[in-house]
Amino acid sequence: MKWIEMDIRSEEAYNQAKEWYDEVVFTKKIYLKSSPNFDSLKSEIKEVKEKYEKIALLIITETPSLIREVKKRISKALIYVQGGNLRVVRFAIESKVDAVICPEFGRKDSGLDHVLARLAAKNEVAIGFSLAPLLRTTPYEKANILKFMIKNWKLVNKYKAPRFLTSSAESKWEVRPPKDLMSLGTALGMEIPQAKSSLSFYPERILKKKM
């Protein structure tokens, strides 16, 4: 069994993750308010890919149409979309990005419903369950985030959408070994085989499809 960490966001975090995982995806965040300079972006991606091999772009935007534009023009990286904006998440799933990270991010609800979960399963868009937001918040907010993540797991499980567990680490202190991320999975309601497959089977399937 391969252990795969799908969302690591800094060099120091990547180096730490490589000690625990067979494969690690380095994620480059891009904030978009308008169309990027694609020549420059492709050049950056080429450099990052040469260094880390497996890479993802995490798109953070309030303009859904930019997601499709990036997906159409960028082929050398996984395309993730940051959750939080329901309109953006819907468009991302309709556009068949590789993953939506933390649908509940910054929301007062879970950011996912039956329609979106069913569509994610149909379009093979993974839902990323991330530890990082739980590490960066107050106990009260943590309880709410967990509640929303549990609800999202029930939807993902019901409709058999692809998924993965990840640290989404931005520093080496946020990286966690597989057993810790499995514990997050079981806290959300996953059975142990489901938690394992969220760090192995589903990530491997996503990588094989794209890289």
Side-chain angles (χ1 to χ4, degrees), residues 4-10 13 16-17 20-21 25 27 29 31 56 58-62 67 78 80-93 97-121 125-192 194-199 202-203 206:
I4 302 174
E5 169 52 274
M6 292 292 285
D7 182 16
I8 292 291
R9 304 180 183 182
S10 74
Q16 180 65 63
W20 290 325
Y21 292 87
V25 177
T27 302
K29 292 194 291 186
Y31 298 85
L58 175 65
I59 300 172
I60 302 171
T61 186
E62 299 296 315
I67 296 168
L78 296 169
Y80 298 165
V81 170
Q82 175 68 64
N85 181 317
L86 202 58
R87 191 165 60 97
V88 169
V89 168
R90 176 182 292 277
F91 197 90
I93 294 173
V97 300
D98 296 294
V100 171
I101 307 291
C102 301
E104 70 286 342
F105 185 79
R107 296 183 61 85
K108 297 187 184 299
D109 58 32
S110 70
L112 202 63
D113 58 21
H114 291 271
V115 174
L116 291 178
R118 186 186 295 114
L119 187 60
V125 177
I127 305 300
F129 291 90
S130 220
L131 178 65
L134 296 170
L135 301 178
R136 303 172 188 159
T137 191
T138 65
Y140 173 76
E141 291 170 331
K142 185 182 295 184
N144 280 331
I145 293 170
L146 274 171
K147 178 177 70 177
F148 298 147
M149 291 175 76
I150 289 168
K151 181 177 179 182
N152 285 340
W153 163 244
K154 288 178 180 177
L155 289 170
V156 166
N157 190 37
K158 179 177 181 179
Y159 293 104
K160 309 302 179 192
R163 78 279 180 166
F164 53 80
L165 293 163
T166 178
S167 64
S168 295
E170 296 192 9
S171 76
K172 67 179 183 180
W173 310 112
E174 293 178 339
V175 182
R176 294 295 186 274
K179 68 175 183 178
D180 287 7
L181 291 183
M182 282 181 59
S183 294
L184 170 63
T186 56
L188 300 181
M190 296 181 187
E191 296 177 2
I192 289 175
Q194 292 174 319
K196 284 183 177 178
S197 68
S198 299
L199 288 163
Y202 286 101
I206 293 165

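This is a predicted model, so every value here is computed, not measured.
Using a 4.0 Å cut-off between a side-chain N of Lys or Arg and a carboxylate O of Asp or Glu, Lys147 and Glu104 do not qualify as a salt bridge.
Taking the side chain to side chain contact (heavy atoms under 4.5 Å, CB included) definition, one finds that Trp173 meets it with Ser171, sequence neighbours left out. Remark: Ser198 engages Arg163, Leu165, Met190 in a side chain to side chain contact (heavy atoms under 4.5 Å, CB included) (not counting sequence neighbours). With sequence neighbours excluded, the residues forming a side chain to side chain contact (heavy atoms under 4.5 Å, CB included) with Lys151 are Ser110, listed by chain and number. Applying the salt bridge (charged side-chain N to carboxylate O under 4.0 Å, His left out) test to Asp180 and every residue at least two apart in sequence or in another chain returns nothing. Every residue two or more places apart in sequence or in another chain that forms a side chain to side chain contact (heavy atoms under 4.5 Å, CB included) with Glu191 is listed here: Pro193, Gln194.
Around atom CZ of Phe105, no more than 12 heavy atoms belonging to other residues, nucleotides or ligands sit under 6.0 Å away. Residue-environment remark: CZ (Arg107) exceeds the threshold of 12 foreign heavy atoms within 6.0 Å.
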Side chain to side chain contact (heavy atoms under 4.5 Å, CB included) assessment of Leu188 paired with Leu146:
CA-CA 7 Å; Leu188 300 181; Leu146 274 171; 3.9 Å; yes
Could you walk me through whether Phe91 and Thr61 satisfy the side chain to side chain contact (heavy atoms under 4.5 Å, CB included) test, starting with their C-alpha distance in whole Å, then the side-chain angles of each, then the deciding distance to 0.1 Å, before giving a yes or no?
CA-CA 11 Å; Phe91 197 90; Thr61 186; over 6 Å; no
Step by step, work out the side chain to side chain contact (heavy atoms under 4.5 Å, CB included) result for Leu131 and Glu174.
CA-CA 8 Å; Leu131 178 65; Glu174 293 178 339; over 6 Å; no
For side chain to side chain contact (heavy atoms under 4.5 Å, CB included), just list the numbers for Leu112 and Val156, CA-CA rounded to whole Å, side-chain angles, deciding distance to a tenth of an Å, and then say yes or no.
CA-CA 9 Å; Leu112 202 63; Val156 166; 4.3 Å; yes
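The structure places OG1 of Thr166 at 12.0 Å from CZ of Arg176, a figure rounded to the nearest 0.5 Å. The line from OG of Ser130 to CZ of Arg136 is 7.5 Å long, rounded to the nearest 0.5 Å. Put simply, CZ on Arg90 and CG on Asn85 are 11.5 Å apart, with the number rounded to the nearest 0.5 Å. Atom-to-atom distance recorded for Asn144:CG and Thr137:OG1 is 9.0 Å, nearest 0.5 angstrom. Interatomic distance, CD1 of Ile59 versus NZ of Lys29, reported as 14.0 Å (0.5 Å rounding).
Within the structure, the ring pair (Phe, Tyr, Trp, His ring centres under 6.0 Å) test picks out the following pairs touching residues 128-160 (sequence neighbours left out): His114-Tyr159.
Between Ile127 and Pro103, the shortest heavy-atom contact is CG2-CG, 3.8 Å. Nearest heavy-atom pair, Ala13 versus Glu170, reported as atom, atom and distance to 0.1 Å: CB-C, 4.4 Å.
The side-chain heavy atoms of Leu86 and Leu116, taken from C-beta on, include a pair separated by under 4.5 Å.
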